[in-house]
Amino acid sequence: DLGIIGDNISASTPNSGGMHDQSYNLQMLEAAYYRLPQPKDSERAKTYTPRHPAATPPSYPQVQAPIVNNPAFWERLGADTYGTDTLFFSFYYQQNTYQQYLAARELKKQSWRYHRKYNTWFQRHEEPKVATDDFEQGTYVYFDFHIASDEQHGWCQRIKTEFTFEYSYLE
Amino acid sequence: LGLDLTTLGLNLNSSETLHKKFSSPWSDEPVRGEPEFNVPGCYY
Amino acid sequence: DFDPAGFSEQVSALFTEWYQICELPGANDAACARHVSLLQQRGLLKGDEMTDRFFRRIMELSVSHCLSSETLSFLAIDIYAKLVFSVLKFFPADQGSSKLSLLPKVLAVTVKFILKDAEERKASFNPRPYFRLFVNWLLDLCSLDPVFDGANFQVLTGLANAFHAIQPLKVPGFSFAWLELVSHRSFMPKLLTANAQKGWPYFQRLLVDLFQFMEPFLRKVQLGEPVHFLYKGTLRVLLVLLHDFPEFLCDYHFSFCDVIPPSCIQMRNIILSAFPRNMRLPDPSTPNLKIDLLPEITQSPRILSEVDAALKAKQIKNEVDEYLKTRQQGSAFLTELKQKLLLSPNDVERAGTRYNVPLINSLVLYVGMQAQQLQAGHAQSMANMSAFLVSAALDIFQTLIMDLDTEGRYLFLNAVANQLRYPNNHTHYFSFILLYLFHESNQETIQEQITRVLLERLIVNRPHPWGLLITFIELIKNPRYSFWSRSFTRCASEIEKLFESVSRSFG
């Protein structure tokens with residue numbers, strides 16, 4: 001029902017059904033070449049759906065406060081002595097959000113590096129003993145979660161000596 | 001002599017379908033799905 | 001003609017109201033549904049001329065808003081797309097019309113708008129607002145929630161028709177955006193898998209639209225950067241099809257070869273290399289490979305294109321049928337055949353050749369298929385080819401190879417070589433025809449040209465069709481053709497090296 005494929009002559013016959021001649025087509029194509037769709041033209045603002053939403057009373061705000069998407073807010077958290085817990089909290093519990101990106105950026109500013117194999121953040125505790133193009137070796141602090149007892153647990157930082165951080169795992 | 005078609009960014013030997021990650025005819029990068037930073041089990 | 005007085009202001013006010021609804025945080029289906037019924041009460045969703053005016057006006061507002069700032073803002077475009085999606089989603093379907101009756105109307109308004117904008121703005125036409133609009137619809141409409149139970153296919157074909165209406169030959173300034181939309185992962189795979197391949201003809205038409213646009217540029221091998229960029233993008237799309245939907249390329253290879261210029265050897269090889277996923281191809285360089293013992297070699301490939309369409313269009317199908325049936329000696333059919341394949345002088349310039357390539361393609365494949373059907377009637381085993389030695393088809397092929405000039409013979413041999421694909425009875429038959437013509441022709445120029453047609457398809461980068469490989473290997477290995485004794489294999493040292501390297505690389 002789609003009809004036969006017109007042979008290649010009819011297609012380039014000028015003004016047959018609104019067709020143009022080749023030089024016009026080439027001209028328009030060249031103009032379009034400088035207005036290519038950009039990756040962002042296909043991207044949509046991600047609507048964040050919490051993976052493990054904490055049940056809260058209806059009186060609590062049901063949507064996130066806009067300030068969590070404000071870079072200045074995270075720079076403030078990163079700079080002040082609030083420590084890094086909030087940054088790590090946002091990184092792990094607000095995944096695929098802009099604030100996760102902002103928190104990660106602040107952690108990097110404090111020279112934390114994300115290790116893709118161990119899925120955690122490392123920070124040099126001192127200058128590495130060995131450093132090559134492919135890896136560095138030394139003593140690191142890494143961000144961890146420890147359970148001392150049922151009551152006593154929380155996010156903590158541990159020391160790891162003789163650790164090799166291969167750059168192929170650096171996110 | 002044509003192009004080396006393995007250099008167009010498509011994994012032609014993939015056992016998976018390519019179209020799911022096909023980002024665009026102009027890019028030789030597959031669609032970057034959301035990076036999964038899996039929280040290590042012990043953190044829950 | 002112009003909108004009624006005050007209409008434009010009314011629409012702007014309604015669109016502003018819609019914007020405020022969209023800005024409410026969190027999902028607000030109730031508010032959306034209320035707005036849709038408001039539009040309906042205002043008589044704007046009847047699907048009549050007022051509906052067209054309404055959507056056209058909002059499109060004007062959205063596009064001009066998008067282009068008003070240097071860095072394009074898609075805010076208005078996004079909420080326009082969402083309005084259309086919400087109208088389709090919340091529109092109370094009365095008994096008659098389906099939920100989606102408005103979609104073709106909206107798409108028709110969109111197409112007209114783009115055609116007009118492109119004609120008016122010419123080189124300053126900006127495709128990106130329209131690209132964004134369609135991407136929104138591909139993401140929303142093509143991943144429809146169940147409320148549109150099974151209406152996906154209508155949406156997919158509606159969009160396919162819209163893309164066909166704004167194909168590159170009609171809106172060249174939209175070509176890059178168009179190819180990205182047509183091959184979008186939310187569209188192409190769905191159109192090719194929905195409803196048991198019912199979407200295939202729509203996508204085949206879109207691919208032909210693309211090839212027809214590129215054909216005049218690809219014919220002249222020097223490609224400017226924009227054309228080369230479009231060409232590479234096309235290769236990527238073809239590779240995704242080759243990998244994920246090879247049967248689609250298999251079944252439509254004939255119409256694609258009609259619109260791919262002979263100089264586009266690698267692109268054509270991608271299509272001809274496709275083979276059904278459930279098939280295992282024996283390695284062509286397997287020693288003593290018995291092609292005629294392969295089970296698939298007697299099966300006909302599925303061909304969805306209308307093979308005899310060009311013959312009918314040229315009104316020579318009856319003569320061909322008549323000759324195939326009666327093989328009437330001395331009939332004028334054979335002597336006049338070459339003339340019929342030539343184009344009229346004023347078409348030569350545009351087609352870039354003196355011959356009607358689709359007609360040659362159609363004649364070769366149609367005659368070959370008839371010969372096989374005739375033969376199948378005699379219940380001989382289709383595998384052994386000796387039965388074909390005496391046949392009207394062979395008369396036609398031998399007449400062509402003798403009567404045509406170099407260009408005509410090249411196009412004829414190309415039409416034959418386009419059938420050398422995965423193991424099936426066409427591959428087997430046309431491989432036999434090529435080798436037979438090589439063996440029977442006592443002119444070395446013809447043998448050289450047959451070799452050239454095979455070789456030019458082998459020296460390009462991969463992929464190489466299976467049928468092409470087994471034919472070339474047979475030609476250089478089987479002493480019956482005494483290939484290496486032909487002088488042209490040693491006419492120059494680099495040619496000699498080329499033959500040796502090609503024969504080495506293909507075992």
Side-chain angles (χ1 to χ4, degrees), chain B, chain C residues 131 135 175-193 203 207 210 218 221 223 226 228-246 248 263-270 273 277 455-464 498 502:
Chain B
L1 298 182
L3 307 171
D4 174 354
L5 298 180
T6 58
T7 62
L8 295 181
L10 295 165
N11 175 6
L12 301 173
N13 297 321
S14 157
S15 53
E16 306 274 309
T17 56
L18 298 181
H19 60 74
K20 286 196 179 70
K21 294 224 173 238
F22 184 59
S23 57
S24 110
W26 324 123
S27 139
D28 44 20
E29 293 285 328
V31 162
R32 270 179 64 106
E34 291 302 339
E36 272 304 303
F37 299 103
N38 313 313
V39 179
C42 61
Y43 289 172
Y44 286 108
Chain C
F131 174 79
V135 164
S175 301
F176 296 109
W178 184 89
L179 181 56
E180 187 160 349
L181 290 167
V182 160
S183 63
H184 196 280
R185 61 186 174 283
S186 291
F187 177 71
M188 178 173 82
K190 291 191 163 80
L191 188 59
L192 290 177
T193 46
F203 195 74
L207 260 191
L210 175 65
L218 295 182
V221 184
L223 303 185
H228 192 263
F229 191 74
L230 186 62
Y231 171 73
K232 267 180 87 172
T234 305
L235 290 185
R236 281 198 182 91
V237 174
L238 289 177
L239 288 173
V240 173
L241 290 170
L242 178 66
H243 186 277
D244 295 355
F245 306 101
F248 170 76
S263 54
C264 256
I265 296 172
Q266 184 178 41
M267 180 146 90
R268 186 180 53 202
N269 271 356
I270 293 175
S273 300
R277 272 167 294 188
L455 202 62
E456 71 177 9
R457 294 167 180 240
L458 288 167
I459 57 178
V460 295
N461 272 301
R462 289 184 302 161
H464 301 114
L498 173 72
V502 170

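Throughout, protein chains are lettered first and strands after them, A, B, ... in sequence-line order, and every chain is numbered starting at 1.
In this structure, the side chains of B:Phe22 and B:Val31 stay at 4.5 Å or more apart for every pair of heavy atoms.
Applying the side chain to side chain donor-acceptor pair (under 3.5 Å) test to every pair with at least one member in residues 22-31 of chain B, sequence neighbours left out, gives these pairs: B:Ser23-B:Ser27, B:Trp26-C:Glu180.
C:Ser183 places no side-chain N or O within 3.5 Å of a backbone atom of C:Met188 that could act as its donor or acceptor partner. A donor-acceptor distance shorter than 3.5 angstrom exists from the side chain of C:His243 to the backbone of B:Ser14, with no hydrogens or angles considered. For C:His228 (side chain) and C:Leu223 (main-chain N/O), no donor-acceptor pair under 3.5 Å exists by modelled atom type.
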Original post:
Can C:Leu210 and C:Val237 be said to form a side chain to side chain contact (heavy atoms under 4.5 Å, CB included), step by step?
Top reply: CA-CA 11 Å; C:Leu210 175 65; C:Val237 174; over 6 Å; no
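Contact of B:Leu10 with chain C is made through the side chain alone, with heavy-atom distances under 4.5 Å. Residue C:Asn461 touches chain B through both its backbone and its side chain, counting heavy-atom pairs closer than 4.5 Å. For C:Leu239, the parts lying near chain B are the backbone and the side chain together; criterion is any non-hydrogen pair under 4.5 Å. Of the atoms belonging to C:Ile270, it is side-chain heavy atoms, and not backbone ones, that fall under 4.5 Å from chain B. The parts of C:Phe176 that come within reach of chain B are both its backbone and its side chain, each placing non-hydrogen atoms under 4.5 angstrom from that chain.
The greatest number of non-hydrogen atom pairs below 4.5 Å with chain B, out of C:Arg185, C:Arg236, C:Glu456, C:His184, is found for C:Arg236. Taking chain C as the reference chain and counting heavy-atom pairs below 4.5 Å, the highest number among B:Lys20, B:His19, B:Glu16 is found for B:His19.
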